[in-house]
2 protein chains.
Amino acid sequence: MATPNADHIFAALADATRRDIVLRTLAGREGVAELASHYSMSFAAVQKHIAVLERAGLVTKERTGRRKVVLTNIEGLNLARSLLDQYETLWRGRVERMTNLIASTEEIHA
Amino acid sequence: MATPNADHIFAALADATRRDIVLRTLAGREGVAELASHYSMSFAAVQKHIAVLERAGLVTKERTGRRKVVLTNIEGLNLARSLLDQYETLWRGRVERMTNLIASTEEIHA
DNA sequence: CATTGATACAACCATACGGTTGTATCGCCG
DNA sequence: CGGCGATACAACCGTATGGTTGTATCAATG
């Protein structure tokens, strides 16, 4: 896990193939070759996608025999979630402030 | 709002400047020029960042006089959140299945 | 209606990204 | 240890991205 910051995480998620790989790693224990077989691109291309996910801290690889199983790293996903939650919280606060403002304005008008 | 899909949304969020712009649009009602003044890059560059956010459906622009106020579009953010929530749900299910598996194994060993 | 303020857009440049093919490493097995 | 299966890595190519400067649009104001 090199530098798993928000930039890398969101960039990694900004590709449909990579999001699909994340889903597959959540569902089962597939190696690089198995994952690659699902997509109509070269093995190396899928390998690169996995590397991007790994660099972002979204997946890890576990050696089993001569294969490497790709595993979800839920902490990376949670980091992204917490950031979006922060936005949502701020949004709620904003709406609340606006509601209060409208309420006080109505008081004046009353 | 052109094609606000997951690709665009995550790509838009994969840049620190753009995430900061989102935060500022959540905090107050700033125009393009005000937003641009916060960053050490050209006006046009910030304008482009805002355009990316707009294309992703994360912000909208509202004309007020000769200015344009940049506003958060919470629905875009919620789309990203719901995707990550889906991952989290799948993860929970996965952990649960593993727990059950371990439990049944222990039964056999008992 | 000419000017100024605020925003938009086009052209251009350097670098990053997604894909390819080819070669190298690594672990198992006969 | 030779060979094969599985993964990794390097070089290359076209296109997208992030930045710049310069020009154009558009709305308020004197």
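In the text below, chain A, chain B and the rest are named by the order of the sequence lines, each starting its count at 1.
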Across the strands shown, which category fits [X] at heavy-atom distances under 4.0 angstrom: base, sugar-phosphate, nothing?
{"X": "A/A11", "answer": "nothing"}
{"X": "A/A44", "answer": "base"}
{"X": "B/A33", "answer": "sugar-phosphate"}

Give the nucleotide from the list [options] with an atom nearest to the side chain of [X].
{"X": "A/H49", "options": "C/dG18, D/dG5, D/dT29", "answer": "C/dG18"}
{"X": "B/R66", "options": "D/dG19, C/dG18, D/dA27", "answer": "D/dA27"}
{"X": "A/V32", "options": "D/dC9, C/dG18, D/dA8", "answer": "D/dA8"}
{"X": "A/F43", "options": "D/dA8, C/dA8, D/dA27", "answer": "D/dA8"}

On DNA chain C, check which nucleotide each of A/R18 and A/G65 is closest to and give me the residue with the more 5' one.
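Nearest-nucleotide comparison on DNA chain C picks A/R18.
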A/A14 vs A/Q47, nearer the 5' end of DNA chain C by closest nucleotide
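Mapping each residue to its closest nucleotide by heavy atoms, the 5'-most match is A/A14.
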Output yes when A/R92 and A/E96 qualify as a salt bridge under the 4.0 Å nitrogen-oxygen rule, no when they do not.
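No salt bridge links A/R92 with A/E96.
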Provide, to the nearest angstrom, the distance between the [atom1] atom belonging to [X] and the [atom2] atom belonging to [N].
{"X": "A/L35", "N": "D/dT7", "atom1": "CG", "atom2": "C1'", "result": "13 Å"}
{"X": "A/Y39", "N": "C/dG18", "atom1": "OH", "atom2": "P", "result": "15 Å"}
{"X": "A/R63", "N": "C/dT25", "atom1": "CZ", "atom2": "P", "result": "15 Å"}
{"X": "A/D7", "N": "C/dA16", "atom1": "CG", "atom2": "C1'", "result": "13 Å"}
{"X": "A/R55", "N": "D/dC9", "atom1": "CZ", "atom2": "C1'", "result": "16 Å"}
{"X": "A/K48", "N": "D/dA11", "atom1": "NZ", "atom2": "C1'", "result": "10 Å"}
{"X": "A/D15", "N": "D/dA16", "atom1": "CG", "atom2": "P", "result": "14 Å"}
{"X": "A/K61", "N": "C/dC26", "atom1": "NZ", "atom2": "P", "result": "14 Å"}

Would you tell me if any nitrogen or oxygen in the side chain of [X] comes within less than 4.0 Å of OP1 or OP2 on [N]?
{"X": "A/S42", "N": "C/dT20", "value": "yes"}
{"X": "A/R67", "N": "C/dC26", "value": "no"}
{"X": "B/K68", "N": "D/dA27", "value": "no"}

same_hphob_cluster(B/V95, A/L71) at 4.5 Å side-chain heavy-atom cutoff:
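B/V95 and A/L71: separate clusters.
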Verify same cluster id: A/V52, A/L79 (apolar side-chain graph, 4.5 Å)
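The answer is no; the residues belong to distinct hydrophobic clusters.
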Atom pair CG (B/L53) and CZ (B/R18), whose distance is rounded to the nearest 0.5 Å
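The CZ atom of B/R18 is 6.5 Å from CG of B/L53, to the nearest 0.5 Å.
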More than 12 foreign heavy atoms under 6.0 Å from CD of B/E75: is that the case here?
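No, the 6.0 Å shell around CD holds no more than 12 heavy atoms from other groups.
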